[in-house]
Amino acid sequence: GPIAWAPDGSSLAYLQFSGVCQPEPPSYLVLVSLGSSDSRTLLTSSDPVLGGLEWRDAGIITLWDEAGQRWEYDLAQSRLFQKP
């Protein structure tokens, strides 16, 4: 799935899907720390099914679902919330 680099370049996040056709539920938000090559799943979501991401703010990953709705994942709080 799509990837986004952290603003400081030390990590990247990507979306992974369970099926061949994307986006297909569930979607997974995965974080990879490049210095240690560790990866961890931050979020597993079937509703909403996430299809795009952007990482401009160090603490927030912006995501879009299949309907074009905007969501934000707060890294400090490990929480997904919808943006109006």
Side-chain angles (χ1 to χ4, degrees):
I3 67 167
W5 288 94
D8 67 2
S10 66
S11 303
L12 65 88
Y14 67 89
L15 290 173
Q16 183 175 342
F17 308 98
S18 60
V20 175
C21 296
Q22 61 179 1
E24 185 175 314
S27 51
Y28 305 90
L29 176 61
V30 180
L31 178 69
V32 178
S33 298
L34 300 180
S36 63
S37 299
D38 289 338
S39 68
R40 63 185 170 115
T41 301
L42 299 175
L43 176 70
T44 301
S45 181
S46 292
D47 186 23
V49 177
L50 303 168
L53 76 158
E54 182 177 80
W55 196 351
R56 291 187 182 209
D57 180 337
I60 301 287
I61 299 173
T62 303
L63 303 142
W64 288 269
D65 66 20
E66 59 189 356
Q69 301 269 337
R70 182 177 163 186
W71 298 79
E72 290 189 347
Y73 185 83
D74 185 315
L75 291 163
Q77 296 181 15
S78 300
R79 181 174 162 249
L80 180 69
F81 56 95
Q82 188 172 13
K83 292 300 285 184

Give every residue pair that meets the side-chain hydrogen bond (donor to acceptor under 3.5 Å, both in side chains) criterion with at least one member in residues 39-51, sequence neighbours excluded. none
Quick one: closest heavy-atom pair of [X] and [Y], and the distance?
{"X": "Gly52", "Y": "Pro2", "answer": "CA-CG, 4.2 Å"}
{"X": "Ser10", "Y": "Asp8", "answer": "OG-OD1, 2.7 Å"}
{"X": "Pro25", "Y": "Val49", "answer": "CB-CG2, 3.7 Å"}
{"X": "Leu50", "Y": "Ser27", "answer": "N-OG, 3.0 Å"}
{"X": "Asp57", "Y": "Pro7", "answer": "C-CG, 3.8 Å"}

Co-membership, hydrophobic cluster, residues Val32 and Tyr73, 4.5 Å side-chain: no
If hydrophobic clusters are built by linking Ile, Leu, Val, Met, Phe, Trp and Tyr wherever their side-chain heavy atoms come under 4.5 Å apart, do Leu42 and Phe17 end up in the same one? yes
Contacts of [X] that satisfy side chain to side chain contact (heavy atoms under 4.5 Å, CB included) - sequence neighbours left out:
{"X": "Ala76", "result": "Asp74"}
{"X": "Trp64", "result": "Glu54, Thr62, Arg70"}
{"X": "Gln69", "result": "Asp65, Ala67, Trp71, Gln82"}
{"X": "Ile3", "result": "Trp5, Tyr14"}

Stepwise side-chain contact (heavy atoms from CB on, under 4.5 Å) check, Leu63 with Leu15: CA-CA 9 Å; Leu63 303 142; Leu15 290 173; 4.0 Å; yes
Can you tell me how far apart [atom1] ([X]) and [atom2] ([Y]) are? Round to the nearest 0.5 Å.
{"X": "Leu80", "Y": "Leu29", "atom1": "CG", "atom2": "CG", "answer": "8.5 Å"}
{"X": "Leu12", "Y": "Leu34", "atom1": "CG", "atom2": "CG", "answer": "5.0 Å"}
{"X": "Leu31", "Y": "Leu43", "atom1": "CG", "atom2": "CG", "answer": "12.0 Å"}

Across all chains, not counting sequence neighbours, the side chain to side chain donor-acceptor pair (under 3.5 Å) partners of Ser78 are none
